[in-house]
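Worksheet: one structure, shown below.
All residue numbers refer to positions in the sequence shown, counting from 1. Values reported hereafter were calculated over all heavy atoms of this structure, with side chains retained and with hydrogens, waters and symmetry mates removed. When a ligand or atom number is given, it counts from 1 through the structure's own listing order.
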Amino acid sequence: MERKINSGKKIAATKSLEFIDPKKIIGLGTGSTVNHLINKIHETFILNGQSITAVSTSTETTDLASSLGINIIDLDQVDEVNVVIDGADEVDPEKNLIKGGGGALLMEKIVASYSKQVIIIVDSSKIVSNLGKFPLPVEVVQFGSERIKASIERFLISLGYQMPKVTFRRSASNKYVTDQQNYILDLHLNEILDPKTLSIGLLQIVGVVEIGLFIDMASKIIIGNDDGSCKVI
Ligand code: 5RP
């Protein structure tokens with residue numbers, strides 16, 4: 001019997017195959033849902049002798065995809081990515097997202113911004129009415145990161161967030177380092193009422209490289225349910 005856990009993710013990943021044209025370059029996001037997709041691409045295309053060329057958003061994705069016969073090329077080698085398929089940590093009714101739970105938000109956002117279509121694959125647990133329960137990841141440079149963290153805290157207080165908790169990913173003494181050699185700060189906000197204002201302000205803080213809010217970027221959301229059904233928004 002198939003394990004129920006993660007089956008909504010698998011359903012969404014399988015549905016997204018319909019949006020892949022093997023003749024065109026695809027982008028592969030990062031995370032467990034995308035790992036299901038990579039396995040499905042292997043089963044559906046590679047094992048049937050069809051080649052797939054993709055731009056990757058992390059070393060994790062590159063390693064898995066390459067091991068399953070997907071040809072990974074550098075973003076700089078392509079003029080345009082036809083479609084990037086990626087997961088998300090939260091999706092709101094406007095298709096705005098929180099991403100970066102897997103620490104790959106910077107490369108994910110770069111690839112998304114050079115893709116004709118951005119398709120997000122999630123299970124129904126990721127659908128929320130307001131973003132923010134999931135801590136918002138913010139990628140910052142290593143130099144001066146404690147000062148940058150303090151600036152972010154001051155900015156959050158100025159926006160009215162009460163005693164915002166900002167933590168280094170993993171721990172303060174053993175900070176998580178991204179593929180681009182930066183740190184990640186997680187902003188525990190509980191609820192983000194104005195994602196645009198937050199996004200604009202955070203990106204103005206010197207040392208902030210990118211943030212996990214993806215506003216107006218998703219073309220489609222594919223939501224998979226554990227009962228095998230799925231919905232495309
Ligand atoms: C990685 C991400 C992932 O897409 C997000 O964390 C969802 O992961 P999963 O598919 O494992 O639930 O943004 O940086």
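- Nearest protein heavy-atom neighbour of atom 12 (O) of ligand 1: K126 NZ, 2.7 Å.
- Partners of S113 according to the side-chain contact (heavy atoms from CB on, under 4.5 Å) rule, which considers only residues two or more places apart in sequence or in another chain, are M217.
- Grouping Ile, Leu, Val, Met, Phe, Trp and Tyr by side-chain contacts under 4.5 Å, direct or through others, puts V83 with L17, F19, I20, I26, L28, V34, L37, I38, I41, F45, I46, I52, L64, L68, I70, I72, I85, I119, I121, I222, V232.
- Which parts of ligand 1 touch G103 is read off a 4.0 Å heavy-atom cut-off, strictly below it: atoms 14 (O).
- Atom numbering of ligand 1 starts at 1 in the shown order; those under 4.0 Å from a heavy atom of K99 are 2 (C), 3 (C), 4 (O), 13 (O).
- Counting heavy-atom neighbours within 6.0 Å of K15 NZ, excluding the residue itself, gives a total of 12 or less.
- The ligand atoms of ligand 1 that sit less than 4.0 angstrom from a heavy atom of D89 are 5 (C), 6 (O), 7 (C), 13 (O).
- More than 12 heavy atoms of other residues, nucleotides or ligands lie within 6.0 Å of CD in Q77, so this atom counts as buried by the packing criterion.
- P135 and D186 get closest at one heavy-atom pair: CB-CB, 4.0 Å.
- Geometrically, ligand 1 and G31 share no nitrogen or oxygen pair separated by less than 3.5 Å.
- Heavy-atom proximity to A88, at under 4.0 Å, picks out these atoms of ligand 1: 4 (O), 5 (C), 7 (C).
- When only interatomic distances are considered, the shortest N/O to N/O separation between G100 and ligand 1 falls below 3.5 Å.
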**Request:** List the steps and the verdict of side chain to side chain donor-acceptor pair (under 3.5 Å) for S115 and E80.
**Result:** CA-CA 6 Å; S115 297; E80 186 177 62; over 6 Å; no
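- What sits closest to atom 9 (P) of ligand 1 on the protein, heavy atoms only, is S32 OG, 3.3 Å.
- Remark: ligand 1 atoms within the under-4.0 Å shell around heavy atoms of G87 are 4 (O).
- Less than 4.0 angstrom separates some heavy atom of D86 from each of these atoms of ligand 1: 4 (O).
- Looking from atom 10 (O) of ligand 1 to the surrounding protein, the closest heavy atom is T33 OG1, 2.5 Å.
- Residues L213 and L136 have side chains in contact (heavy-atom distance under 4.5 Å, counting atoms from C-beta outward).
- Here the NE2-NZ distance, from H42 to K40, works out to 12.0 Å after rounding to the nearest 0.5 Å.
- In the displayed structure, Y176 atom OH is contacted under 6.0 Å by more than 12 heavy atoms of other residues, nucleotides or ligands.
- Contacts with ligand 1 closer than 4.0 Å are made by no heavy atom of S58, backbone or side chain.
- Distances below 4.0 Å separate heavy atoms of K9 from the following atoms of ligand 1: 9 (P), 11 (O), 12 (O).
- Ligand 1 places these atoms under 4.0 Å from at least one heavy atom of T30: 1 (C), 2 (C), 3 (C), 4 (O).
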